[in-house]
Q: 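Okay, handing you the structure first.
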Amino acid sequence: MTFHVLTLFPEMIREFATHSILGRAAKAGLVEVKPLNIRDFAINKHGQVDDAPYGGGAGMVMMAQPIFDAFSSLSTTQNTPVIYLSPQGHVLTQARAQQLSQEKEIILICGHYEGLDERIIEEIVTEEISIGDYVLTGGEPAACVLIDAVSRLIPGVLGKEESHQNESFSQSNLLEHPHYTRPPIFRGREVPEILLSGHHGNIEKWRQEEAIRRTKSKRPDLLKI
Ligand code: 4G3
């Protein structure tokens, strides 16, 4: 799967995609992250990509032309999702990440300043996605979050050890049960006895109950959908 990322800060995206599980997935040819510098598509001699807003007011607006030309330089198919990361989008969910993981290619657009000229959104954007109800200085961290959430759902990206079969949100709307590893006592706190019992049936039942208990106490909103 290929992520094309239109950005003014290609190094932020490149750096992110070369570490840890994503870096390994790239080496294995499972995921390709291709930043495209919007500034390379500026046409005036100053390399200008933003301008003052019509109607006045503070801040700058990203010009439509460099973004359109960057987009046009890609030879992607007609129905490739073109996602604009913005606080105005639908909030990203595990279900949407799952759907996006089926795509062959995705184009991501990272905004800055006051955002993009509305006409580029009308012209090329197929979907606006937000990673949560807060504002960032730029769309790059949001693009990285989306790339991460989607990539790890692509078959082969996670190893056995990192499997996502039992984790929060993957099968149910439940949070994960608590986890423990050695030592059996840490600062007087004992590992629940049942986990040391070797009785797999009882352990599974306990984990399920804990998942429900935790969800009720930490995220009751998840149970009301
Ligand atoms: C567009 C995404 C982009 C308009 C981007 C600011 C938060 C998110 C930006 C705008 C962003 C998010 C860049 N901040 N919640 N900042 O996904 O006002």
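First listed ligand is number 1; within each ligand, the first listed atom is number 1.
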Q: Identify the protein heavy atom lying closest to atom 15 (N) of ligand 1, giving its residue, its atom name and the separation to 0.1 Å.
A: G132 O, 2.9 Å

Q: Counting only N and O atoms by type, is there a donor-acceptor contact under 3.5 Å from the side chain of E162 to the main-chain atoms of G159?
A: yes

Q: Stepwise, does the side-chain contact (heavy atoms from CB on, under 4.5 Å) test hold for I21 with R152?
A: CA-CA 8 Å; I21 294 171; R152 63 189 291 290; 5.7 Å; no

Q: Please tell me whether V145 and Y134 are part of a single hydrophobic cluster in this structure, the criterion being side-chain heavy atoms less than 4.5 Å apart.
A: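 Both belong to a single hydrophobic cluster.
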
Q: Which of the numbered atoms in ligand 1 are under 4.0 angstrom from any heavy atom belonging to G139?
A: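 The atoms of ligand 1 under 4.0 Å from a heavy atom of G139 are 5 (C), 13 (C).
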
Q: Could you check whether R207 pairs with E210 (Lys NZ or Arg NE/NH1/NH2 to Asp/Glu carboxylate O, under 4.0 Å)?
A: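 Salt bridge: no.
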
Q: Are L108 and I13 packed together at the side-chain level, in the sense that at least one heavy-atom pair is separated by less than 4.5 angstrom?
A: no

Q: Would you say Y134 has any N or O atom under 3.5 Å from an N or O of ligand 1, going by distance alone?
A: yes

Q: Tell me the protein heavy atom at minimum distance from atom 18 (O) of ligand 1, and give that distance in Å.
A: E114 O, 4.1 Å

Q: Judging by distance only, is a nitrogen or oxygen of S130 under 3.5 angstrom from one on ligand 1?
A: yes

Q: Any side-chain heavy atom of T7 within less than 4.5 Å of one from M12?
A: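 No, every pair of side-chain atoms sits at 4.5 Å or beyond.
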
Q: Tell me, which protein residue and heavy-atom name are nearest atom 3 (C) of ligand 1, and how many Å apart are they?
A: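 Of the protein heavy atoms, Y84 OH, 3.6 Å lies nearest.
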
Q: Report yes if some N/O of I131 lies less than 3.5 Å from some N/O of ligand 1; otherwise report no.
A: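 So ligand 1 has an N or O lying under 3.5 Å from an N or O of I131.
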
Q: State the atoms of ligand 1, each with its element, that fall below the 4.0 Å cut-off from a heavy-atom position in L85.
A: 2 (C), 3 (C), 5 (C)

Q: Which heavy-atom pair separates L8 from V49 by the least distance, and what is that distance?
A: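 Of all heavy-atom pairs spanning L8 and V49, the closest is CD2-CG2, 3.7 Å.
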
Q: Does this structure show an ion pair linking E122 with R119, if we count only N-O contacts that are shorter than 4.0 Å?
A: no

Q: Given L136, V61, D133, L146, which one has a non-hydrogen atom that is nearest to atom 14 (N) of ligand 1?
A: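 Closest candidate by heavy-atom distance is L136.
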
Q: Give yes or no for whether the N/O distance cutoff of 3.5 Å, strictly under, is met between G111 and ligand 1.
A: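 No, no N or O pair falls under 3.5 Å.
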
Q: May I ask you to list the atoms of ligand 1 that are less than 4.0 angstrom from any heavy atom of V135?
A: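 Taking each heavy atom of V135 in turn, ligand 1 has 7 (C), 14 (N) under 4.0 Å.
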
Q: Give the residue, atom name and distance (to 0.1 Å) of the protein heavy atom nearest atom 10 (C) of ligand 1.
A: P87 CD, 3.9 Å

